[in-house]
Amino acid sequence: MAKDYPWSANFYQLESRRQRLTWILAISSLCAIFYVIGAWQNSFIPKPNPSNISKVRCDDISDSTALSKNNLHGATSLQSNANLDFNAHHQLDLKNTSPSMEKFQPCAMKFSEYTPCEDRTRGRRFERAMLVYRERHCPTKDELIRCLIPAPPGYKTPFKWPQSRDYAWYHNIPHKKLSVEKAVQNWIQVEGDRFRFPGGGTMFREGADAYIDDINELIPLTDGSIRTAIDTGCGVASWGAYLLKKNILTMSFAPRDTHEAQVQFALERGVPAMIGVMASMRIPYPARSFDMAHCSRCLIPWQAHEGLYLLEVDRVLRPGGFWIISGPPIHWKKYYRGWERTQEDLKQEQDAIEEVATHICWKKVIEKEDLSIWQKPINHNECINSRKIYQRPHICKNGNADAAWYKKMETCITPLPEASKDVDVAGGELRKWPERAFAVPPRISMGIIPGFTPEKFEEDNKMWKERVAYYKKLIPTLSRGRYRNVMDMNANIGGFAAAIDKYQVWVMNVVPVNSDHDTLGVIYERGFIGTYQDWCEAFSTYPRTYDFIHADGVFSTYQGRCDITYILLEMDRILRPEGTVLFRDTVEVLVKIQTLIRGMRWDSKMMDHESGPFNPEKILIAVKSYWTGQATK
């Protein structure tokens with residue numbers, strides 16, 4: 001064998017191997033030494049004192065008071081798993097009096113029906129022209145109240161649906177004014193300790209059922225082509241209540257005005273409704289939302305301000321949608337004496353309304369007795385050509401037709417998406433209900449919403465079906481009629497509403513105005529209803545109007561934008577006593593929420609994600625306790 005000289009290649013290879021082996025042995029030795037030292041140090045850590053452990057228990061952090069067994073039967077909480085606990089353990093004793101443990105006091109009884117953004121006292125600061133004073137005017141930071149809205153003495157859990165359509169407890173809404181003012185019209189009657197809703201209305205004294213049957217003889221209400229409706233100036237929402245029998249979901253709205261608590265009555269009945277008014281701002285719904293719009297003696301001056309309000313109805317009405325009007329000035333020859341107006345005045349008003357309707361390209365379907373029905377065109381091909389004849393109103397040149405949060409109404413026709421053929425429906429044709437709920441909406445199939453594809457839509461549907469199935473295990477009463485009015489605070493594309501629709505509930509789908517994408521139009525295309533909202537402000541509803549609130553990622557979104565304490569206080573305001581909230585968020589956010597709601601008289605419990613304990617997102621289920629204010633002397 002040849003000898004390896006220092007200058008030979010073999011010599012250098014052998015030397016390199018010896019050096020690598022030396023380094024490996026040295027590092028291994030050091031690791032072993034440090035391991036032994038560490039083990040020796042840990043052997044001298046004193047055992048914890050049991051008395052100290054009891055001061056900060058896991059149960060104290062996540063389960064200060066047990067939830068109702070009816071709400072949380074058979075659920076697996078984080079605390080049941082001794083090996084994996086996602087609760088924060090670095091906090092001080094939760095019984096301390098630090099500012100983070102604020103205990104919220106009840107507000108005075110005068111706030112029992114407080115609607116922060118529709119407060120009548122604040123409204124008086126604003127002009128009365130065009131009813132601006134009845135629009136949303138939210139409190140400034142200095143005007144915010146930091147207390148819990150009390151329920152009236154004697155408050156009871158509302159009747160279950162469908163009985164709630166016809167009955168409500170008197171002490172829940174202790175107002176008799178409507179029963180006196182509208183006695184002849186059969187809006188509402190007092191019967192002992194409860195209200196009864198006979199289903200009457202100003203223009204349908206024989207009942208909403210008969211009135212709806214009259215409409216059904218003129219346009220199709222039962223074939224699934226009409227699913228979403230809007231009722232302007234809704235009264236106690238009997239029209240919307242009885243349309244539910246035909247699977248038509250109605251957004252009823254009315255201002256907070258002299259007709260005391262009419263929207264509150266509607267929601268107490270389990271019927272969708274919001275406080276709202278046709279004034280100077282767009283109503284908070286996207287373009288092309290509703291298949292049908294309705295006005296029954298709603299007293300909106302449709303012909304005024306260059307047809308501004310009819311143009312706003314046109315904006316939110318779907319292509320081919322219907323507008324139904326009854327009451328003044330329709331059928332004026334019969335009713336002019338009862339309306340205490342001259343024939344000339346009423347004729348002039350009807351002529352002016354019909355002129356506006358014609359100029360915005362609507363066609364009159366029929367006028368029969370008390371009803372007049374108009375239809376919006378399925379596209380604007382002819383309407384664009386008609387501008388040579390009708391110069392006003394013009395078609396809006398630019399702007400986002402869906403923008404409706406503090407956005408001024410415009411005296412121009414909201415343009416429809418282009419249609420290549422005269423027979424094409426602008427923006428895409430919708431499937432009939434119920435297929436419409438799970439069919440890919442046109443806004444997604446056409447690629448209008450960035451990041452959403454038909455494949456992602458299907459994935460979202462599957463995900464929410466699995467989530468709602470898991471919710472049912474956590475809250476068995478979810479499928480047993482315990483809840484009726486449901487709100488989704490961050491609805492995305494409406495997957496939660498679609499998955500829960502099989503239960504006897506309706507969902508107010510809220511799309512926050514600061515969301516990455518405006519998806520509310522998709523929700524309406526699916527046949528559900530909703531609204532825009534900034535959760536740094538109060539919602540346009542009365543206190544105690546929702547049974548169940550779903551908050552998916554809401555607080556992660558709003559951290560840093562405003563004080564989340566006020567969002568929780570707003571949730572407390574609109575949630576009924578013994579109502580339920582389901583939060584989905586990171587465990588860090590949920591621990592903060594849990595600390596705050598403990599001071600609001602809510603019971604809560606943390607649950608694992610449906611995929612298991614290793615998912616960093618958790619579920620917090622909370623139940624508002626029952627308590628009422630004290631009667632004022």
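Atom set for the values below is all heavy atoms of this structure, side chains included, hydrogens, waters and symmetry mates excluded. Predicted model, so just to flag it, every value in this text is computed and none were measured.
- Of the possible polar contacts, one joining the Asp402 side chain to the Ala287 backbone as a donor-acceptor pair under 3.5 Å is found.
- The distance between the ring centers of Tyr285 and Trp405 does not fall below 6.0 angstrom.
- For the 3.5 Å distance criterion, the side chains of Arg482 and Thr580 fail to qualify, holding no donor opposite an acceptor.
- Side chain of Glu570 to backbone of Phe539: a donor-acceptor contact under 3.5 angstrom is found.
- The side-chain hydrogen bond (donor to acceptor under 3.5 Å, both in side chains) check on Tyr170 picks up nothing, with sequence neighbours excluded.
- Put simply, the side chain of Tyr524 gets close to the backbone of Gly530: a donor and an acceptor are under 3.5 Å apart.
- Remark: aromatic rings of His294 and Trp374 are distant, center separation not under 6.0 Å.
- Legend: salt bridge (Lys or Arg N to Asp or Glu O under 4.0 Å) pairs involving residues 220-231, not counting sequence neighbours, sorted by first then second residue: Asp223-Lys432.
- Residues meeting the salt bridge (charged side-chain N to carboxylate O under 4.0 Å, His left out) test with Lys156, sequence neighbours left out: Asp193.
- No side-chain donor-acceptor contact under 3.5 Å links Arg282 to the backbone of Glu312.
- Annotation for Leu317 and Ala293: closest pair CD1-N, 3.9 Å, computed over non-hydrogen atoms.
- Here the side chain of Thr228 pairs a donor or acceptor atom with the backbone of Asp291 at under 3.5 angstrom.
- The stretch residues 492-508 participates, sequence neighbours left out, in these side chain to side chain donor-acceptor pair (under 3.5 Å) pairs: Asn485-Trp506.
- Judged by distance alone, the side chains of Glu268 and Ser164 never bring a donor and an acceptor atom under 3.5 Å apart.
- Side chains of Pro442 and Glu429 form no contact here, defined as non-hydrogen atoms less than 4.5 Å apart.
- Between the side chain of Arg431 and the backbone N or O of Arg436 there is no donor-acceptor pair closer than 3.5 Å.
- Between Trp169 and Phe159, the ring-plane angle classifies as parallel under the 30° and 60° cut-offs.
- Applying the disulfide (SG to SG under 2.5 Å) rule to pairs touching residues 504-558 yields Cys536-Cys562, sequence neighbours excluded.
- Looking only at distances, a side-chain donor or acceptor of Thr453 sits under 3.5 Å from a matching main-chain atom of Lys456.
- The side-chain hydrogen bond (donor to acceptor under 3.5 Å, both in side chains) search around Tyr155 returns none, not counting sequence neighbours.
- Taking 4.5 Å as the limit, every side-chain heavy atom of Ser289 sits out of range of all side-chain heavy atoms of Glu525.
- No donor-acceptor distance shorter than 3.5 angstrom exists from the side chain of Ser515 to the backbone of Val511, with no hydrogens or angles considered.
- Side-chain contact between Trp323 and Lys376 is absent, with no heavy-atom pair separated by less than 4.5 Å.
- Under the 6.0 Å cut-off for aromatic ring centres, Tyr114 and Tyr542 do not qualify, their centroids lying 6.0 Å or more apart.
- Residue pairs satisfying the salt bridge (Lys or Arg N to Asp or Glu O under 4.0 Å) criterion with at least one member in residues 546-556, sequence neighbours excluded, are listed as follows: Arg467-Asp552, Asp547-Arg576.
- The two atoms that bring Ile529 and Pro272 nearest to each other are CD1-CB, 3.6 Å, heavy atoms only.
- Between Phe583 and Trp602, the two ring planes are tilted [angle within 30° to 60°].
- Not counting sequence neighbours, the partners of Arg584 by the side-chain hydrogen bond (donor to acceptor under 3.5 Å, both in side chains) test are Tyr471, His609, Glu610, Glu617.
- Partners of Arg484 under the salt bridge (charged side-chain N to carboxylate O under 4.0 Å, His left out) rule, at least two apart in sequence or in another chain, do not exist in this structure.
- A heavy-atom distance below 4.5 Å is found between the side chains of Ile621 and Leu474.
- For Gln264, there are no side-chain hydrogen bond (donor to acceptor under 3.5 Å, both in side chains) partners at least two apart in sequence or on another chain.
- Thr595 places a side-chain N or O within 3.5 Å of a backbone atom of Val591 that can act as its donor or acceptor partner.
- Counting only N and O atoms by type, the side chains of Tyr546 and Thr541 include no donor and acceptor under 3.5 Å apart.
- No donor-acceptor pair closer than 3.5 Å links the side chain of Asp488 to the backbone N or O of Ile549.
- Annotation: side chain of Ile324 is in contact with side chain of Ile215 (closest heavy-atom distance under 4.5 Å).
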Exercise answer: donor-acceptor pairs, residues 245-255 side-chain atoms, under 3.5 Å, sequence neighbours excluded:
| unit_1 | atom_1 | unit_2 | atom_2 | d |
| --- | --- | --- | --- | --- |
| Lys245 | NZ | Asp209 | OD1 | 3.3 |
| Lys245 | NZ | Asp209 | OD2 | 2.9 |

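- Identified under the salt bridge (Lys or Arg N to Asp or Glu O under 4.0 Å) test for residues 528-544, with sequence neighbours left out: Arg136-Glu537, Asp534-Arg561.
- Checked against the 6.0 Å centroid threshold, Phe195 and Phe265 count as a close aromatic pair.
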